[in-house]
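The structure appears right after this line, and notes come after that.
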2 protein chains.
Amino acid sequence: MNMTTAEENYLKAIYHLSDGGKKSVSTNDVAAEMKTKPASVSDMLRKLGDKEVIEYRKYYGVNITEEGKKRALQTIRKHRLWEVFLVDKLQFAWDEVHEVAEELEHIQSPLLIQRLDAYLNYPKFDPHGDPIPDEYGDVRARPRVALNEMEIDQTGQIVAVKDSSAAFLRYLDKVGAYIGARIKVLDKVEFDGSLEILVDQKKTLFMSKDVAANILAIQS
Amino acid sequence: MNMTTAEENYLKAIYHLSDGGKKSVSTNDVAAEMKTKPASVSDMLRKLGDKEVIEYRKYYGVNITEEGKKRALQTIRKHRLWEVFLVDKLQFAWDEVHEVAEELEHIQSPLLIQRLDAYLNYPKFDPHGDPIPDEYGDVRARPRVALNEMEIDQTGQIVAVKDSSAAFLRYLDKVGAYIGARIKVLDKVEFDGSLEILVDQKKTLFMSKDVAANILAIQS
DNA sequence: ATATTTATTTAGCTATATCTAAATTATTTT
DNA sequence: AAAATAATTTAGATATAGCTAAATAAATAT
Ligand SMILES: [Mn+2]
Ligand SMILES: [Mn+2]
Ligand SMILES: [Mn+2]
Ligand SMILES: [Mn+2]
């Protein structure tokens with residue numbers, strides 16, 4: 001059963017909003033995520049329900065089915081592989097890849113993705129630190145914690161960002177935060193939750209709680 | 001002015017059918033090329049006429065405009081660059097690339113094409129020997145002759161194929177004809193126009209006139 | 001328990017891209 | 001110059017994907 005580009009985009013949004021299928025998702029949430037109107041979402045939910053990639057109960061939101069999860073993960077896999085390609089091979093910056101990957105992820109060719117994966121040397125994470133599902137949809141998730149949840153003196157390594165918007169990524173570039181950086185929490189301000197972070201044992205960085213909440217680390 | 005995928009495909013077809021804008025093209029020819037119905041073509045021609053990429057006079061066929069030519073060449077450029085990528089980097093065979101390139105050519109990102117071009121080292125020809133227009137739409141065409149038009153004892157080098165169908169390309173693989181091969185016409189059969197060709201000074205090949213007409217060479 | 005607010009769906013419309021069948025125009029043959 | 005044929009367009013469908021405005025259902029407050 002083939003899906004259109006719009007259907008794939010909706011299904012991916014539902015997958016993300018439902019936290020990988022763990023929660024049910026409301027029409028309005030989907031509309032906000034897709035920057036469309038709830039009325040349009042209702043139509044699409046009915047269609048996705050007919051295709052049995054979601055379970056749709058009018059007025060009570062949707063749950064993604066196993067089949068839907070599988071398909072969403074395939075689209076996510078393609079999106080992230082293309083992002084790696086753009087950064088590793090075509091020298092795109094990590095804040096320039098999302099829009100293009102959003103289009104490339106809909107190209108239909110299993111051979112293409114298989115070869116691309118091999119060509120990129122079977123990457124496990126995309127340029128934003130998000131894990132790349134394998135061809136069966138399996139994801140090896142690492143235990144990650146947002147910087148604002150770390151305590152003073154704790155150390156770790158930045159492994160991903162929660163917000164992949166160009167604005168946020170360029171801000172990180174500017175202040176010198178990047179994926180792979182070793183960090184230590186030097187101070188936390190009680191008043192506003194802002195933090196002082198030591199990066200690579202040499203550079204000190206001040207960041208708001210909002211920024212910290214969008215940076216993910218593994219603790220060491 | 002943005003064009004849809006369907007509009008881009010139609011415009012490319014009109015460009016090819018018109019021999020790069022040299023001839024006018026009929027509705028039925030476009031329908032045959034696009035594997036669609038003349039009624040659908042009439043609708044699309046009106047739209048393309050409104051956008052001034054073709055000049056459309058009802059019942060008298062269409063001519064592509066300068067603007068249309070420019071746009072068609074951009075799509076062709078993208079198509080052929082992607083074909084080079086698939087063959088050179090992802091180890092696709094030359095008979096496997098067309099379908100995928102037909103999708104990839106519609107990805108909208110000038111940066112992507114510019115970087116892809118550089119990454120591929122500014123290739124001048126695609127895997128089928130067709131020239132790749134530069135970013136301004138300029139094409140450096142070589143003087144090419146179909147094998148069936150060569151005379152006995154003439155020599156040359158295969159540079160392109162006219163028919164890029166998988167069936168034809170696999171046939172060429174099977175008999176050992178390829179782009180770059182040095183050839184010599186050993187014999188031409190008067191009766192049916194079939195030829196005997198020496199490939200790379202060692203292998204003798206028999207081919208029908210139909211096959212020969214779809215192989216292009218530069219003479220030496 | 002009723003009223004109000006919020007969330008969601010339905011109805012009706014627009015735009016794209018296709019189709020078939022009918023109508024029309026152009027071309028060719030007699 | 002008609003008649004026949006071929007080419008093309010128009011009319012009226014269908015399917016996708018979006019919209020606004022109105023209707024309705026669910027949740028919350030009084
Ligand atoms: Mn997308
Ligand atoms: Mn990403
Ligand atoms: Mn195409
Ligand atoms: Mn080609």
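In what follows, chains carry the letters A, B, and so on, assigned in the order in which the sequence lines appear, proteins first and then strands, with residues in each chain numbered from 1.
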field: Exercise: do H16(B) and E33(B) side chains pair donor with acceptor under 3.5 Å
entry: no
query: How would you label the contact of S42(A) with the nucleic acid (heavy atoms, under 4.0 Å): base, sugar-phosphate, or nothing?
result: base
message: For N2(A), I'd like to know if atom CG has over 12 heavy atoms of other residues, nucleotides or ligands within 6.0 Å.
response: no
field: Length of the CZ-C1' vector between R46(A) and dA11(C), whole Å
entry: 13 Å
message: What's A6(A) touching, base or sugar-phosphate or nothing? Going by heavy atoms closer than 4.0 Å.
response: sugar-phosphate
Y60(A) or T5(A), whichever maps to the more 5' nucleotide of DNA chain D: T5(A)
query: dT16(D) C1' sits how many Å from N2(A) CG, rounded?
result: 14 Å
Options dA25(D), dT9(D), dA17(C), nucleotide nearest the side-chain atoms of Y59(A): dA25(D)
query: Looking at K37(B), does any N or O in its side chain come under 4.0 Å of the phosphate oxygens OP1/OP2 on dT9(D)?
result: no
- prompt: Does K35(B) or K51(B) map to a spot on DNA chain C nearer the 5' end, using the closest nucleotide for each?
  reply: K51(B)
field: Residue P38(A), side-chain atoms from C-beta onward, closest of dA17(D), dT9(C), dT18(C)
entry: dT9(C)
message: For a quick check under 3.5 Å, do D163(A) and S165(A) share a side-chain donor-acceptor pair by atom type?
response: yes
query: Taking the side chain of K58(A) as its heavy atoms from C-beta onward, which of dT9(C), dT9(D), dT18(C) lies nearest to it?
result: dT9(C)
- prompt: Can a cation-pi geometry be assigned to K89(B) and Y119(B), taking NZ or CZ under 6.0 Å from the six-membered ring centre and within 45° of the ring axis?
  reply: yes
field: Whole-Å gap separating P (dA7(C)) and CZ (R57(A))
entry: 18 Å
field: Per Y56(B) side chain, nearest of listed nucleotides dT9(D), dT16(C), dT10(D)
entry: dT9(D)
message: Does a side-chain N or O of S26(A) approach OP1 or OP2 of dA7(C) to a distance below 4.0 Å, or not?
response: no
query: Given atom OH of Y10(B) and atom P of dT16(C), what is their separation to the nearest angstrom?
result: 14 Å
statement: Among dA7(C), dG18(D), dT10(D), the one nearest any side-chain atom of N28(A) is dA7(C)
field: Nearest-angstrom distance from the residue atom CG of L11(A) to P of dA17(D)
entry: 13 Å
task: Taking only the side-chain nitrogens and oxygens of T36(B), find out if one of them lies under 4.0 Å from OP1 or OP2 of dA17(C).
output: no
query: Between L48(B) (CG) and dT18(C) (P), how many Å, whole number?
result: 11 Å
statement: Whole-Å distance, M1(A) CE to dT16(D) C1', equals 16 Å
query: Within the structure shown, what part of the strands sits under 4.0 Å from S40(A) by heavy-atom distance: base, sugar-phosphate, or nothing?
result: base
- line: Taking dA17(C), dG18(D), dT20(D) as options, the one with an atom nearest any side-chain atom of A39(A) is dT20(D)
- prompt: Separation of E7(A) atom CD from dG18(D) atom P, in whole Å?
  reply: 10 Å
field: Phosphate-side-chain proximity, T27(B) and dT9(D), N/O vs OP1/OP2 below 4.0 Å
entry: yes
message: For L86(A) versus A101(A), what's the shortest heavy-atom pair and its separation?
response: CD1-N, 4.4 Å
message: Ignoring hydrogens and geometry beyond distance, is a side-chain donor-acceptor pair present between H79(B) and D126(B) at under 3.5 Å?
response: no
